[in-house]
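All values reported here derive from a predicted model rather than from experimental measurement.
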Amino acid sequence: MVLGYDDVELLGISITPADTLAEGAVPATRKLLDLAGRSDVTVAEGTLEGPNPFPFEWRLECLRVNDLPILNRRGEPMAPLSDRTGQEFLAEVALAAAASTTLLMTGPLTNLAWALDRHPDLEERIDELIWMGGALQVEGNVEQPGHDGSAEWNVYWDPPAARRVFDSSIPITMFPLDATNKVPVTGEFRRALAGQYEYERSAAAGTIWALTAGWDLATGLPYFCWDTLATSYLAAPELCTFDEVRVELIADGPSQGRTKPSEGGRPVKAAVDVDVDGFYAHALEALRR
């Protein structure tokens, strides 16, 4: 979807090995760039691990994506792989940019926390952090022994890193489960993508989302357009309604990773509602470009 936004200059992609494995995610990302005609965009592999690993069976999905025929018709990927780690690459690209940059982060905040600790000047170079993470007024999606279920996985994977970013002055636009729970990956949406299969990015997205069929039966958890909703904000911020919320982040204990409204918390711009029909229409249109 980012590659379909004419007004967005994509400077690079930094991968965090959280709900994925680098050996699948890195080549799959490069192949997606090639498919979209953007082999000029550099990909970097993050090497940092969070204290609370995602379930391994979830992380394996990227290996299946990497082997999909739609991504393997062009041979070896051409989009460049940085010789820097993902966390180093993030800092270097943002610091070298001609203007302040926007970070779209659809995973844990580990790479950014690392970069902020080592590059104090980075904080003032980031215009906005758009982040899919957290749960404010709804239950979390973490079901792990010893945890109370109040956290969302992108926070829970590395709560101290999220706390580090929340302690910064970077403006945060947050897409918590409160909003993303309203846009599930439905069979109707998957079939609509099949109806525009002649567009390569629709074919790739539809094929990847087909892997989510039956996810709820296997895991007990519905599959949602978590990252897609956050991404849509780059081009269509009017699709969501936002509130200014002060958020407290709990970094340890049975609620570690929880993000809750609190008068003493740090201010964030949080998505709270979605134009559901408008969102699906926007996603389909973006993937036809």
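Sorted by first and then second residue, the ring-ring contact (aromatic ring centres under 6.0 Å, His included) pairs involving residues 72-126 (not counting sequence neighbours) form an empty list. Residue pairs meeting the salt bridge (Lys or Arg N to Asp or Glu O under 4.0 Å) criterion with at least one partner in residues 32-60, sequence neighbours excluded, are Arg38-Asp40.
For the pair Thr259 (side chain) and Ala135 (backbone), a donor-acceptor distance under 3.5 Å is present. Thr16 places no side-chain N or O within 3.5 Å of a backbone atom of Gly107 that could act as its donor or acceptor partner. Judged by distance alone, with hydrogens and angles left aside, the side-chain atoms of Trp215 form a donor-acceptor pair with the main-chain N or O of Leu221 at under 3.5 Å. Between the side chain of Lys182 and the backbone N or O of Val272 there is at least one donor-acceptor pair closer than 3.5 Å. Within the 3.5 Å criterion, the main-chain N or O of Pro176 finds no donor-acceptor partner in the side chain of Glu152. A donor-acceptor pair is defined here as one N or O able to donate and one able to accept, closer than 3.5 Å; no such pair exists between the side chain of Asp243 and the backbone of Val245. Panel note: side chain Lys31, backbone Asn66; a donor-acceptor pair is recorded below 3.5 Å. Between the Arg164 side chain and the Ala113 main chain, no donor and acceptor come within less than 3.5 Å of each other. Here the side chain of Arg258 pairs no donor or acceptor atom with the backbone of Leu249 at under 3.5 angstrom. Between the side chain of His282 and the backbone N or O of Ala236 there is no donor-acceptor pair closer than 3.5 Å.
Counting heavy atoms of neighbouring residues, nucleotides and ligands inside a 6.0 Å radius, atom CD of Glu238 exceeds 12 of them. With a 6.0 Å radius and a threshold of 12 heavy atoms from other residues, nucleotides or ligands, Glu188 has its CD atom at or below the threshold.
Scored by the side chain to side chain donor-acceptor pair (under 3.5 Å) test, Thr20 finds no partners at all (sequence neighbours excluded). In this structure, Arg266 has no salt bridge (charged side-chain N to carboxylate O under 4.0 Å, His left out) partners at least two apart in sequence or on a different chain. Looking at residues two or more places apart in sequence or on another chain, you find no side chain to side chain donor-acceptor pair (under 3.5 Å) involving Asp167. With sequence neighbours excluded, the residues satisfying ring pair (Phe, Tyr, Trp, His ring centres under 6.0 Å) with Phe189 are Trp209, Tyr280.
In this structure, Leu109 and Leu129 have side chains that are in contact, with non-hydrogen atoms separated by less than 4.5 Å.
For Glu128 and Thr173, the side-chain atoms include at least one donor-acceptor pair closer than 3.5 Å. For the residue pair Thr186/Arg191, the side-chain donor-acceptor check at 3.5 Å is not satisfied. Asp127 and Thr102 share no donor-acceptor pair across their side chains, judged by distance under 3.5 Å alone. In this structure, a donor-acceptor pair under 3.5 Å is present between the side chains of Gln256 and Asn52.
Comment: Glu285 does not engage Arg288 in a salt bridge, judged by the lack of any side-chain N to carboxylate O separation of less than 4.0 angstrom. The pair Arg30-Glu76 fails the salt-bridge criterion, with no side-chain N (NZ, NE, NH1 or NH2) lying under 4.0 Å from an Asp/Glu carboxylate O. Glu92 and Arg84 are joined by a salt bridge, as a carboxylate oxygen and a charged side-chain nitrogen come within less than 4.0 angstrom of each other.
In terms of heavy atoms, Val26 sits closest to Ile15 at CA-CD1, 3.8 Å.
When each of Val185, Thr180, Thr106, Asn154 is paired with Trp226, the side chain to side chain contact (heavy atoms under 4.5 Å, CB included) condition holds for Thr180 and for no other.
Within the 6.0 Å centre-distance limit, the rings of Trp153 and Phe54 are counted as a close aromatic pair. The six-membered or imidazole ring of Tyr233 lies near that of Phe242, with a centre-to-centre distance under 6.0 Å.
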Please test Thr47 against Gln87 for side-chain hydrogen bond (donor to acceptor under 3.5 Å, both in side chains), starting from the C-alpha separation and ending with a verdict. CA-CA 8 Å; Thr47 59; Gln87 55 271 25; 2.8 Å; yes
